[in-house]
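The next block holds one structure in the form of structure tokens; read it before the comments.
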Amino acid sequence: MKNSTPPVIETHGLTKTYKGVQALKSLDLQVQHNSIFGFLGPNGAGKTTTIKLLLGLIRPTAGSASVFGMDIVNQSVDIRARVGYLPQEPHFYEYMTARQTLRFTAKFFFKGPEKAIEARVDEMLQLVDLAEKADRPLRTFSGGERQRLGIAQAQVNYPDLLILDEPAASLDPLGRRDVLEVMSKLRKYTTVFYSTHILDDVQRVSDTVVILDKGALVAKGPIEELLAGSEGVVYIVHLKGEADWTLKQVQSQPWVGGIKTGQHGDESTWQVSVTDPQAAEAQLLKLLVNGPVVVTEFRRKQYELEDVFMQVIEGGQDVRI
Ligand code: ATP
């Protein structure tokens with residue numbers, strides 16, 4: 001279903017050079033509808049440059065891109081009418097309350113009838129969990145609350161695409177958690193394209209990730225694939241009891257790629273690599289509990305995105321495209 005509609009964002013060889021600095025080198029990208037697309041890279045990787053190009057705020061040196069099928073150079077006004085944007089450092093009037101700020105934004109950007117504005121403002125305050133703080137001046141707001149207000153602002157006119165530039169970068173863990181929660185909620189309304197240099201954030205909310213370094217794309221794919229690297233999906237299994245029969249059963253499954261076995265005291269430990277994660281999810285645990293063993297641990301191996309990041313940035317070949 002994901003690929004049945006044209007991509008929201010598509011870039012072909014998109015390049016930007018600033019007086020000798022190659023900020024972006026021939027970027028090819030596709031962002032599908034209703035994805036939460038994480039655009040990950042260290043400082044100076046070219047993330048903000050890409051966002052500015054997509055919004056038509058700067059012009060490409062070479063290559064092309066479209067948003068909703070419209071050209072970023074010739075149709076940027078039409079594109080911007082359908083995009084909500086949260087810049088890296090949003091500015092607010094400190095003396096205004098959250099409600100006044102959203103009202104002010106809605107007066108400019110909300111295309112519905114005037115009398116619907118208050119209802120939309122209330123809806124936005126609820127969405128970003130600021131309803132109870134709506135009437136406090138912004139000078140009393142925390143960094144996380146400001147970012148959530150910024151997301152509400154960007155979302156006020158029901159955009160078809162929300163572009164967030166480092167929405168959680170400057171926040172403490174709690175502030176980040178709240179912002180990420182808001183982003184997850186938004187996926188049912190819109191496509192979210194956001195940049196970050198924080199690996200953990202991407203792991204928590206994105207479904208597709210691109211890794212950019214020094215203006216070049218170094219890896220892309222669904223988060224699961226990037227995290228799994230070359231190993232594929234692996235299950236960790238710990239068992240007690242006579243495990244030979246169960247081992248043979250598991251080994252004979254067509255979706256099992258291999259099993260690394262070990263022994264800790266009276267416990268057998270297996271790492272089961274699977275070639276069909278859905279079949280494994282449906283059948284592996286059932287197979288194990290059917291045998292004469294006691295299953296003491298069963299989980300899917302978690303990968304750290306940092307591992308992937310280091311691999312691709314520091315020259316490992318596994319997930320480099
Ligand atoms: P950060 O997370 O630090 O914002 P970024 O990934 O968003 O980084 P960009 O802001 O896109 O990176 O910058 C990419 C490169 O382009 C950097 O080397 C930067 O110094 C350079 N650059 C950006 N804007 C300009 C400009 N107007 N003039 C010259 N160089 C620029």
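Remember, it's 1-based here, ligands and their atoms both numbered in the order they're listed. We're numbering straight along the sequence, starting at 1. Hydrogens, waters and symmetry mates are skipped; everything else that's a heavy atom, side chains included, is used.
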Practice prompt. May I ask you to check if ligand 1 and Ala45 share an N or O to N or O distance below 3.5 Å?
Written response: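 For ligand 1, there is an N or O atom that lies under 3.5 Å from one belonging to Ala45.
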Worksheet item: Is the closest N or O pair between Gly46 and ligand 1 shorter than 3.5 Å?
Response: yes
Worksheet item: Is it true that Glu281 and Lys286 have a side-chain N and a carboxylate O under 4.0 angstrom from each other?
Response: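 Here Glu281 does not pair with Lys286 in a salt bridge, since their nearest N and O are not under 4.0 Å apart.
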Worksheet item: Got a salt bridge between Glu297 and Arg299, using NZ or NE/NH1/NH2 to carboxylate O under 4.0 Å?
Response: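 Judged by the 4.0 Å cut-off on N to carboxylate O distance, Glu297 and Arg299 do form a salt bridge.
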Numbered atoms of ligand 1 (with element) below 4.0 Å of [X], judged on heavy atoms:
{"X": "Glu166", "answer": "2 (O)"}
{"X": "Gln88", "answer": "4 (O)"}
{"X": "Thr49", "answer": "9 (P), 11 (O), 13 (O), 14 (C)"}

For [atom], what's the nearest protein heavy-atom neighbour? Residue, atom name and distance, please.
{"atom": "atom 26 (C) of ligand 1", "result": "Tyr18 CD2, 3.5 Å"}
{"atom": "atom 14 (C) of ligand 1", "result": "Gly44 O, 3.4 Å"}
{"atom": "atom 10 (O) of ligand 1", "result": "Thr48 CB, 3.6 Å"}

On the six-membered ring of [Y], is [X] placed so that its NZ or CZ lies under 6.0 angstrom from the centre and within 45° of the ring axis?
{"X": "Lys107", "Y": "Phe109", "answer": "no"}
{"X": "Arg82", "Y": "Phe68", "answer": "yes"}
{"X": "Arg148", "Y": "Phe141", "answer": "no"}

Worksheet entry | Between Ser195 and Asp165: side-chain donor-acceptor atoms closer than 3.5 Å |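 Yes, side-chain donor-acceptor contact under 3.5 Å.
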Worksheet entry | Arg176 versus Ala168, closest heavy-atom pair with distance |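 Scanning both residues completely, I find the closest heavy atoms to be CG-O, 3.2 Å.
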Worksheet item: Is atom 20 (O) of ligand 1 in close reach of the protein, with a heavy atom under 4.0 Å away?
Response: no
